[in-house]
Chemist: 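Mind having a look at this structure? Questions to follow.
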Amino acid sequence: MAHAQAKAQRMKTTVAKSNGQSLFEHTLAVARYAASLCTDRRLRRILIQAAWYHDMGKLARGFQQMMQGEAHWHYRHEILSALTFLAEHPDLDEQQEQILYAILTHHRDIDDGEMLRQLCNESLLQERITELPPDVFPSAPVLLSCARRLLERILDRDRQYPLLSEHTLTRGLLIAADHAASAGLTRAVIVEREYHRQGLRRFQQEASATEGNLVLEAPTGAGKTDAALLWYQRNRRHAGERLFYVLPYRASIEAMRDRLEGIYGKESVAALHGRDLEYAYARYLNDTGSEQALQCAREDVNANRLVHKPIKVLTPQQILKYLLGIRRFEVGVAEMKDALFVFDEIHAYDVHTLALVLETVKFLLQLGARVLVMTATMPDFVRALIENSLGKPARISAYGDPELPVHRHRLKVLAQPLEACASLVRRDLAEGKSVLVVCNRVAQAQALYRQFDDVSSRVLLHSRFTYKDRERLERAVRDRRNRPQLLIATQVVEVSLDISYDTCYTEVAPVDDLLQRFGRVNREGKQPEPAVVHVCTEYDTNTVQHVYDRQRLRQTAQTAPDGEVLTHEVTTRWLNDVYQRFTDAEQERFEKVSTLFRIHIQQLQPYHSVRITEKALDKLYNTVDAVPQSFADEYRTLLDGGRWLDARMLLVPVAVTDRRLSSMRSGDYLINRPYDEELGLL
């Protein structure tokens, strides 16, 4: 006890952080934060002990001189911390082994080359040991002996730990607590507000009463999100339990973040996706100057990326990257342990991503997670795949609920190209209707948009705008008071844009995509008669085949219920006519991706990450961010001036296969295509 008190006194007079925080203060902050993350008493004790030792090596004289700016100190302080723990606990039991490895690896992987070289270099190690205060540390011979023992353990190939072990949780939670405490956070946020809603529909009542895994089907605009939050409320065991709300697209995430912040408070909700910093910057830029916006955006995003806020709205890629084994993946796995997950709009995923998501769901169940899968449209065989992944989930369908409008749309098939519908669109506009036109290709949308130069209230929306322009356009489309009468768009309108038009004209697409497009028409069913939605079945096969499978397009057109009201029975029949099963190519890809990803997860081990970068992760999804040629000089000027976030707002997502894509000296990508702020990348 006296030894521990002497060490604590020494820690109060030494510095751990560049802001002057003492080692004792930082250690206490990490221990407290770790305790706030963990409800299991035994694991909490392990974490607190790991926190006590994790930065003990910073007591070395050389480290303290570095903190005072007097010298450089090129040594891993966590090596000295781990050796101290091992010297004081020579006969390691299982829990102490977890503590030892968490201390050693709270900055680097266990097989990190620099750390191993320093541990192997006995003369260098002995020199560093002499810098430790002798009155509170074991002797040099003891520490050197411990170094040999530790190195032997690390190099023992038979000493491996499974991913689903407490080793993963201990390392992940210690790192999470260290990062949060370093950011000045005192404890993880808990959800203090409960969600209540009056006048629940039948399917929402059923969701609020369901415990455990659930598959929910409901039409767009019916209130699936309310049902999901009621399910979350029912299944939450304590206020600190985490919710991951998974959506396929960035725009969907930003809209959902706004909604959940209104319910649970900004302090409880985080949005995570590949461009979260840019979106946060654009949001603050509307109300303040660029420097203040940048500071606020950084503070927001840094807090969001920590294990801090209990509700996270994110893309599946943000979960997948942990299971791909990125550096410190244990943090993500530990955060997902026993959490609640809502996978919304699962119909939006292609075969490749669906395979990854379903394997992820299987792993989450092993972590003790509970999962809700929601969709508006789903073929029977896909539902069977989802239910198989979830075991035996409950199943709720909103269709048939007498309170829901069942006659929102009537289908009209037009045996002509979408481009030939200009006169029909003009007729509807002249009658005062709001019109949505959905194209399958960006170039097609741009060409159609040009045909309506004389229409003042119009907007073009697709994926090939800079992030700055895309945010501006989406904000205009979501503005209910001044929404454009004519919206010409691509597939970007299919998911989560809360908009409602009077009618639409769309080129044929697979039936599930069409149903999502129709969901942006007569969204709340307030029109006295079903809104007419038009599908054009003639298209350029040479260009559309790069977007959709031609077999699916033919089946969709051939089985389309022309002239019928799209009731649930009608749309279900249409879906199953088109999607009786995967095509042979789809089945092969689904099985291959599922098998390879499952094997990859099984091979992951704590303390060993996979060397994969964020840039490489982006390439997995077939797009990269590039600066248009016309913005290249402005982009470089902004970067040279340190305004890198303003520079990022000039980027456009483009296909990795685009022949006009090239690399810049900075390592960024350049796209040699003209750009127009109204039309996007041409």
Side-chain angles (χ1 to χ4, degrees), residues 163-164 168-169 191 195 203-204 206-218 223-238 240-248 252-253 256 260 269-270 272 307 310-324 332-349 353-379 381-398 495-496 590 593-594 597-598 601:
L163 179 60
L164 292 170
T168 301
L169 301 182
V191 177
Y195 181 60
F203 79 95
Q204 293 168 336
E206 293 175 357
S208 69
T210 301
E211 294 186 2
N213 302 328
L214 172 63
V215 175
L216 170 63
E217 291 181 79
K224 291 196 301 295
T225 302
D226 292 311
L229 298 181
L230 291 165
W231 173 86
Y232 161 60
Q233 188 107 325
R234 176 71 175 189
N235 285 270
R236 196 176 66 181
R237 297 172 184 144
H238 55 82
E241 201 157 44
R242 316 190 76 75
L243 170 65
F244 293 83
Y245 203 112
V246 188
L247 286 160
S252 316
I253 289 168
M256 184 60 69
L260 295 182
V269 182
L272 291 178
V307 182
I311 300 175
K312 290 189 173 177
V313 193
L314 68 172
T315 59
Q317 285 83 353
Q318 299 299 313
I319 297 174
L320 289 170
K321 68 182 183 181
Y322 293 120
L323 301 188
L324 287 170
V333 174
E335 186 178 16
M336 294 186 289
K337 178 81 166 66
D338 295 327
L340 292 147
F341 287 80
V342 174
F343 285 88
D344 197 0
E345 297 171 344
I346 201 165
H347 54 264
Y349 301 124
T353 308
L354 180 63
L356 294 174
V357 167
L358 294 186
E359 286 302 319
T360 298
V361 165
K362 293 176 184 177
F363 175 75
L364 293 175
L365 296 183
Q366 295 180 66
L367 281 177
R370 284 133 291 152
V371 178
L372 165 59
V373 173
M374 300 198 302
T375 183
T377 55
M378 185 161 48
F381 85 96
V382 174
R383 183 189 302 106
L385 288 172
I386 293 171
E387 291 179 348
N388 180 62
S389 299
L390 287 172
K392 293 183 178 180
R395 181 177 165 190
I396 296 174
S397 175
V495 179
S496 281
F590 182 85
V593 171
S594 298
F597 192 44
R598 189 184 315 122
I601 293 174

Chemist: Are Leu340 and Trp231 close enough that some pair of their side-chain heavy atoms sits under 4.5 Å apart?
Modeler: yes
Chemist: Would you indicate whether the side-chain heavy atoms of Val215 and Ile396 approach each other to under 4.5 Å?
Modeler: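 They are not in contact (no side-chain heavy atoms under 4.5 Å apart), so the answer is no.
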Chemist: Could you check if a side-chain atom of His347 sits within less than 4.5 angstrom of a side-chain atom of Met374, using non-hydrogen atoms only?
Modeler: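 A side-chain contact is absent here, since even the closest heavy-atom pair is not under 4.5 Å.
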Chemist: Counting distance only, does the side-chain N/O of Gln233 pair as donor-acceptor with the main-chain N or O of Tyr195 below 3.5 Å?
Modeler: yes
Chemist: Does the pair Phe363 and Leu164 meet the rule for a side-chain contact (heavy atoms from CB on, under 4.5 Å), with working shown?
Modeler: CA-CA 9 Å; Phe363 175 75; Leu164 292 170; 3.8 Å; yes
Chemist: For the residue pair Pro248 and Tyr349, what are the closest heavy atoms and their distance?
Modeler: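 Smallest heavy-atom distance, with atoms named: CB-CE2, 3.5 Å.
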Chemist: So how far is it from Leu354 CG to Ser594 OG, rounded to the nearest 0.5 Å?
Modeler: 8.0 Å
Chemist: Looking at Gln318 and Leu272, what are the two nearest heavy atoms and their distance?
Modeler: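 It is CG-O, 3.7 Å.
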Chemist: Could you tell me whether the side chain of Thr315 reaches within less than 4.5 Å of the side chain of Val246, counting heavy atoms only?
Modeler: no
Chemist: Please confirm whether the backbone N or O of Asp338 pairs with a side-chain atom of Arg370, one donor and one acceptor, at under 3.5 Å?
Modeler: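 A pair under 3.5 Å: yes.
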Chemist: For the pair Thr375 and Phe343, evaluate side-chain contact (heavy atoms from CB on, under 4.5 Å) and give the outcome as yes or no after the intermediate values.
Modeler: CA-CA 9 Å; Thr375 183; Phe343 285 88; over 6 Å; no
Chemist: Taking salt bridge (Lys or Arg N to Asp or Glu O under 4.0 Å) as the test, write out the residues that go with Lys312, two or more places apart.
Modeler: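 Only Glu335 meet the salt bridge (Lys or Arg N to Asp or Glu O under 4.0 Å) criterion with Lys312.
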Chemist: Can you give me the closest heavy-atom contact between Val313 and Ile253, atom names plus distance?
Modeler: O-CG2, 3.6 Å
Chemist: Would Arg395 and Glu206 pass as an ion pair if we require N to O under 4.0 Å?
Modeler: no
Chemist: side-chain contact (heavy atoms from CB on, under 4.5 Å) for Ile311 and Arg242? Distances and angles first, verdict last.
Modeler: CA-CA 6 Å; Ile311 300 175; Arg242 316 190 76 75; over 6 Å; no
Chemist: Using a 4.5 Å cut-off on heavy atoms from C-beta on, say whether the side chain of Thr210 contacts that of Arg234.
Modeler: no
Chemist: Any sub-3.5 Å donor-acceptor pair from Ser389's side-chain atoms to Val361's backbone N or O?
Modeler: no
Chemist: Nearest 0.5 Å, please: how far is OG in Ser208 from CG in Asp226?
Modeler: 11.0 Å
Chemist: Is it true that Glu217 and Arg383 have a side-chain N and a carboxylate O under 4.0 angstrom from each other?
Modeler: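 Salt bridge: yes.
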Chemist: With rounding to the nearest 0.5 angstrom, report the CG to CD distance, Leu214 to Glu387.
Modeler: 10.0 Å
Chemist: What's the separation between atom CZ in Phe341 and atom OH in Tyr245, rounded to the nearest 0.5 Å?
Modeler: 14.5 Å
Chemist: A side-chain contact here means heavy atoms from C-beta on lying under 4.5 Å apart; do Ile601 and Lys362 qualify?
Modeler: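 Heavy-atom side-chain distance check fails, nothing below 4.5 Å.
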Chemist: Just how far is it from atom OG1 of Thr360 to atom CD1 of Ile319, taken to the nearest 0.5 Å?
Modeler: 7.0 Å
Chemist: Can you tell me how far CZ of Phe244 sits from OH of Tyr232, rounded to the nearest 0.5 angstrom?
Modeler: 11.0 Å
Chemist: Would you mind checking if Arg598 and Glu359 are paired as a salt bridge, meaning a charged N to carboxylate O distance below 4.0 Å?
Modeler: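 Judged by the 4.0 Å cut-off on N to carboxylate O distance, Glu359 and Arg598 do form a salt bridge.
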Chemist: Are the side chains of Leu372 and Asn213 in contact, using a 4.5 Å heavy-atom criterion?
Modeler: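 Heavy-atom side-chain distance check fails, nothing below 4.5 Å.
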Chemist: Would you say that Leu358 contacts Ile386 through its side chain, given a criterion of any heavy-atom pair below 4.5 Å between the two side chains?
Modeler: yes
Chemist: Between Asn235 and Glu241, is the side-chain contact (heavy atoms from CB on, under 4.5 Å) condition met? List the steps.
Modeler: CA-CA 10 Å; Asn235 285 270; Glu241 201 157 44; over 6 Å; no
Chemist: Could you tell me which non-hydrogen atom of Phe203 sits nearest to which non-hydrogen atom of Ala227, and how far apart they are?
Modeler: CE1-CB, 3.8 Å
